[in-house]
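What you are looking at is a predicted structure, and each value in this text was computed from that prediction instead of being measured.
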2 protein chains.
Amino acid sequence: MSMPLTRSVRPIAPALHRLSRLATLDNASITALADAVARPQQFRPRRDLMVEGRDIASPHLILSGWAARVRILLDGRRQFLNFLLPGDIVGLYHHRRPVAPTSIITLTEVTTCVPPELGTLPALDEAYAIAHAMDEAYLLAQIARLGRMNAMERIGDLMLELHERLELSELTHGRSFDLPITQETLADALGLTAVHVNRMLQAARRAGDLIWSSRSMTIPDPKALARKVGRAQIKVTAG
Amino acid sequence: MSMPLTRSVRPIAPALHRLSRLATLDNASITALADAVARPQQFRPRRDLMVEGRDIASPHLILSGWAARVRILLDGRRQFLNFLLPGDIVGLYHHRRPVAPTSIITLTEVTTCVPPELGTLPALDEAYAIAHAMDEAYLLAQIARLGRMNAMERIGDLMLELHERLELSELTHGRSFDLPITQETLADALGLTAVHVNRMLQAARRAGDLIWSSRSMTIPDPKALARKVGRAQIKVTAG
DNA sequence: CGTTGGGTTGACAATTGTCAATGGCCGTGG
DNA sequence: CCACGGCCATTGACAATTGTCAACCCAACG
């Protein structure tokens, strides 16, 4: 905490922690990751990491901060497709000349680096594959959320998902986590309006389901909430 | 059309046609595919190809018929995550012991086969990678549809997507295609109720946007409809 | 201090869902 | 051949959820 080296490594620890949990990484993989992390890139809030339809200049491994994949309709309606949290990887594909399927925008100050290439380190490839499968699982969860849950359930379900994901990188504090976004951003992720999200958040607080103040979201009783919104666990490999 | 051999090959041609379009396949890949296709599996409607949370017994390459990935909430609400059409591949992952992220259910009579393994034929791997990227792009489209489009737009957008996808396997007839599902199935894919889908389909017909009768869906003016629902093209590789 | 971005509130409108009933079509069995 | 049942599509009346618009508050900040 007081040593300079520690200080500089600290903020990126969660991202690496999560990646190294997905598969058993050998020394070569860890070295490659350390090299990658040594060349961080900084982005201010509301900057594009990628633009839909353009070639992907380079993939990103999120080291700190929040970003989101976004799709904008012609008349300006906006839908966030998923959130990108520390440890998440985007733009890594197995085929030539990949085109970004969506734009990616930073929601907060964000640090990224270029992850080690696919196909050079088997252990890392395995981690990538698992990370990718989890991404897909969360996209599927998002579809069910938007298609079949009401506003209250969507909010609860998303908060549980975020808590679960942040836990993997040890970015939670017990039943709380930092939620550095606005209600409008939340609305765009949930397919609702900011006004309605506001009302539902108040209802959730009255019901004792969710308490959000000064950027800290608390889920007093995750299990009870999970039951209430009818939520299943995300699981990607057996055993 | 009259030769026995032709007759038996015919129904699976669309699936192979689409796959071979994604990347340039060498002879080894084509042979491997032909071998795979020679061992078809048949499924009646409403059968599970996979069950959420269970190990994936084997991946499937859809040769004919329609299936869907589905998620069911605790109280029975059902959401179809995407449709699986001839040429689509499911359950092929780069990591060990993959667990099915969702159940897959046949909507019609379906024929599948086990696609050649990943990592043995580079040309085929490239096709798999592109197919997978397209899958992902369609999932993202589904999210935007459910999150930010109204009922009318969702229907139009989905019909355009289905037409576009079926065109890749030459399963369209000009501006028409076979839509072998019920309005309730459509509703479960669109996050709506069957009653509302019914009303919107009638409105679409009155507006001249969509004409659906005896399983044949016609889009009189695809470009106009695309403009009306604010739809973009799906593109996965550059050039 | 004035400005600005986010959050909050109220009144009202639009969209979508619910429930219940009806009719057509088709295959089965008598 | 006809009666029956089942599935699907259709309709109407009504309710619930969510959106829209406009105003206001408040804290942060230059």
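Separating the CE atom of Met200(B) from the P atom of dG17(C) is a distance of 10 Å, rounded to the nearest angstrom. Residue His196(A) contributes atom NE2, which lies 13 Å from atom C1' of dT16(C) at whole-angstrom precision. Regarding Glu184(B), its CD atom lies at a distance of 9 Å from the P atom of dA9(D), rounded to whole Å. Atom CZ of Arg215(B) and atom P of dC7(D) are 18 Å apart (whole Å). Counting to the nearest Å, the C1' atom of dA9(D) and the CH2 atom of Trp212(B) are 10 Å from each other. Per the geometry, CG belonging to Asn150(B) stands 15 Å off C1' belonging to dT20(D), to the nearest Å. When rounded to the nearest whole Å, the span between CG of Asn198(A) and C1' of dC24(D) equals 13 Å. In this structure, CE of Met149(A) is placed 13 Å from P of dT18(D), rounded to the nearest angstrom.
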Exercise for the section: With side-chain contact (heavy atoms from CB on, under 4.5 Å) as the test, would you mind laying out the steps for Val70(B) and Ile104(B) before giving the verdict? Expected result: CA-CA 6 Å; Val70(B) 62; Ile104(B) 296 178; over 6 Å; no
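Distance alone, capped at 3.5 Å, places no donor-acceptor pair between the Gln183(B) side chain and the Val197(B) backbone.
The base of dG12(D) sits with one of its N or O atoms less than 3.5 Å from a complementary donor or acceptor on the side chain of Arg199(B).
The closest side-chain donor-acceptor pair between Gln202(A) and Arg205(A), if any, does not fall under 3.5 angstrom.
Residue Arg46(A) is classed as a sugar-phosphate contact, given heavy-atom separations below 4.0 Å to backbone atoms only.
With the nearest nucleotide of DNA chain D identified for both Thr182(B) and Val195(A), Thr182(B) has the one nearer the 5' end. Of the two residues near DNA chain C, Ala194(A) and Arg148(A), the one whose nearest nucleotide lies more 5' is Ala194(A).
At dT10(D), one or more side-chain N or O atoms of Gln183(B) fall inside 4.0 Å of OP1 or OP2 (strictly under the cut-off). At least one side-chain nitrogen or oxygen of Gln202(B) sits closer than 4.0 Å to the OP1 or OP2 atom of dT11(D).
Side-chain proximity of Thr193(A) to the nucleotides dC19(C), dG19(D), dT16(C) is greatest for dG19(D).
Taking CG from Asn82(B) and CD1 from Ile143(A), the interatomic distance works out to 6.5 Å, rounded to the nearest 0.5 Å.
Taking the ring centre of Tyr138(A) as origin, the terminal cationic atom of Arg165(A) falls inside the region bounded by 6.0 Å and 45° from the ring axis.
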